[in-house]
Amino acid sequence: MTQNSRGLWSVHGDGKSIPPGAIVAPQERLSWGRTAGIGAQHVVAMFGATFLVPLLTGFPPATTLFFTAVGTLLFLLITAGRLPSYLGSSFALLAPIGAVTGFVPGAGNALDPDKMALAQGGIISVGATLAVVGVIVHFAGVRWIDIIMPPVVTGAIVALIGFNLAPAAWNWVQQGPVTAVVTIVSILLVTVLFKGIIGRLSILIGVLIGYVTAMIRGEIDYTTIEAADWVGLPAFHAPAFDPVYLGLFVPVVLVLVAENVGHVKSVSAMTEQNLDDLTGRALIADGVSTMIAGSGGGSGTTTYAENIGVMAATRVYSTAAYVCAALFALGLSMLPKFGETIASIPPGVLGGAATVLYGMIGMLGVRIWVQNRVDFSDPVNLNTAAVALIVAIANYTINVGQVSFEGIALGSVCAIGIYHIMRALSRWRGTAFEPASPASAPAGKELEDDFGTGVRK
């Protein structure tokens, strides 16, 4: 952080305004009042998505919020205040947590504390593995990750996580179809009718509208809200460990690596600063934060695209704003009645929001393919994505002794294994795909790929 006579961050200009074309850099800040306001915006931006994770898994919402705040402060400390980020709840962990706990929101089955503890152990294993990867990246660089996970593989892994969760969304929608439809329509309308920060808060606003709809329809139980205290510490829970579940959790590390590397690259591009040297630190910070969260009853953490959106809209990249955001979230986590209000959101609202969010996660993988111009006329790329997605969507399961490997784990292994094995064999046999010349295809005619040879016909 920039040291100066006025504090840890140098004041940008007059601290009140940002000249056209200028940005507030990570080591700068506006006046503390404006900085605190932007910090509050960051909390609101990540609020809807971050709270959906504990709601969908049965974890205590206030506890999750507490650990996102702690994780964010830790992240800023480990990255020396140079990389702005809020560590919200990771959706990549939804499937393995659900597989361990068997929790179904609104189905009347309370979360089993023993199963929750085992899920926490899995979360800790993810964090520990991510931190180890971070140490390797810090000393060896990030190039090896690009080699192991090229865009076709990264996109497939991100996409298969979202699509693997689709049945869960449908299960919740069935419990409150009218409320779910209202929630979905509200999210979609807010997205297209409003620009700036309001448009970026479409998930949160849609959930609020869905909640009001559920109130009108009598779908909300207020018992726990009325019984909760106004002020108090979040509920903490000790973890437990069982190696049987490692196969479910560890593959999630691949997604968290991709998200963190992408975050560093995005902030570098927006601030026009080379932050590549922070990639290892970012991975270590997120890994340690996830371990801490799992140790106390919170879900795993990751960097958030929602907060990237706020930075892009405000042109304020100050890490001071994220310190304010973390402190604001920390305060909210100390209000039990607030936490119980969040926990009371009914299945119809969750199903509506999950329909959009799970689909978005899947399409983020597709976006990675598009942005990196992945060529699916190449049969190696095509088969890598095809097999990985089907394995995940159908939730293929293999039991090896007491260890169970399900759709996400198997799909991730398929994506990496199929790509590298097929690529190596095609080079060895001299059958590596070569794109056809544009002149060789009839103009305006739709082309089909021959799956066996990769030659267009």
Side-chain angles (χ1 to χ4, degrees), residues 18 20 23 37-38 40-53 55-56 86 88-92 94 155 158-159 161-163 165-166 168-170 172-217 219 259 262-263 266-267 269-270 302-317 325 342 345-373:
I18 307 172
I23 65 169
I38 293 171
Q41 265 193 151
H42 279 297
V43 173
V44 172
M46 65 85 195
F47 197 84
T50 283
F51 265 113
L52 270 181
V53 174
L55 289 173
L56 299 178
Y86 193 97
S89 301
S90 172
F91 278 82
L94 282 175
V158 173
I161 285 180
F163 297 144
L165 293 167
W170 172 237
W172 298 319
V173 168
Q174 292 181 89
Q175 298 177 58
V178 174
T179 302
V181 170
V182 170
T183 303
I184 294 171
V185 171
S186 299
I187 293 172
L188 300 181
L189 289 178
V190 171
T191 300
V192 296
L193 294 179
F194 298 95
K195 293 182 178 181
I197 188 64
I198 295 180
R200 295 184 186 280
L201 297 178
S202 58
I203 296 291
L204 176 61
I205 295 173
V207 168
L208 290 175
I209 294 173
Y211 193 85
V212 172
T213 302
M215 290 175 62
I216 295 172
R217 295 178 57 82
E219 298 175 353
E259 288 177 342
H263 181 80
S266 296
V267 176
M270 291 189 295
T302 189
T303 52
Y304 255 41
E306 286 88 342
N307 299 104
I308 287 281
V310 173
M311 288 191 285
T314 62
R315 292 178 295 149
V316 177
Y317 301 92
I342 299 299
I345 295 177
V349 179
L350 296 178
T355 298
V356 178
L357 277 171
Y358 293 172
M360 282 184 177
I361 295 171
M363 294 311 296
L364 280 175
V366 177
R367 183 182 177 186
I368 291 173
W369 292 334
V370 173
Q371 288 179 330
N372 291 277
R373 300 180 181 179

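Only this structure's heavy atoms are used, side chains among them; waters, hydrogens and symmetry mates stay out.
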Among Thr302, Leu56, Thr50, whose side-chain contact (heavy atoms from CB on, under 4.5 Å) with Ser89 holds? Thr50
Side chains of residues 207-214: which donor-acceptor partners sit under 3.5 Å, not counting sequence neighbours?
residue: Tyr211; atom: OH; partner: Ser344; partner atom: OG; Å: 2.8
residue: Thr213; atom: OG1; partner: Ile209; partner atom: O; Å: 2.9

Atom pair OH (Tyr86) and CE (Met46), whose distance is rounded to the nearest 0.5 Å: 3.5 Å
Val267 and Met311 have their tightest heavy-atom pair at CG2-CE, 4.3 Å
Could you tell me which residues satisfy side-chain hydrogen bond (donor to acceptor under 3.5 Å, both in side chains) with Ser90, sequence neighbours excluded, listed by chain and number? none
Minimum heavy-atom separation for Trp369 and Gly155, please, with both atom names. NE1-CA, 3.5 Å
Please identify each residue that fulfils side-chain contact (heavy atoms from CB on, under 4.5 Å) with Val178, with sequence neighbours left out. Arg217
Search all heavy atoms of Glu219 against all heavy atoms of Pro346 and return the closest pair with its distance. O-CB, 3.7 Å
Can you tell me how far CZ of Phe51 sits from CD1 of Ile342, rounded to the nearest 0.5 angstrom? 5.0 Å
Rounded to the nearest 0.5 Å, what separates atom CD1 in Ile345 from atom CG in Leu55? 5.0 Å
Got a list of side-chain donor-acceptor pairs under 3.5 Å for residues 181-193, not counting sequence neighbours?
residue: Thr183; atom: OG1; partner: Thr179; partner atom: O; Å: 2.8
residue: Ser186; atom: OG; partner: Val182; partner atom: O; Å: 2.7
residue: Thr191; atom: OG1; partner: Ile187; partner atom: O; Å: 2.7
residue: Thr191; atom: OG1; partner: Ser202; partner atom: OG; Å: 3.2

Within the 4.5 Å heavy-atom criterion, are Leu94 and Val53 side-chain neighbours or not? yes
Hey, could you give me each pair passing side-chain hydrogen bond (donor to acceptor under 3.5 Å, both in side chains) that has a residue in residues 347-368? Not counting sequence neighbours. none
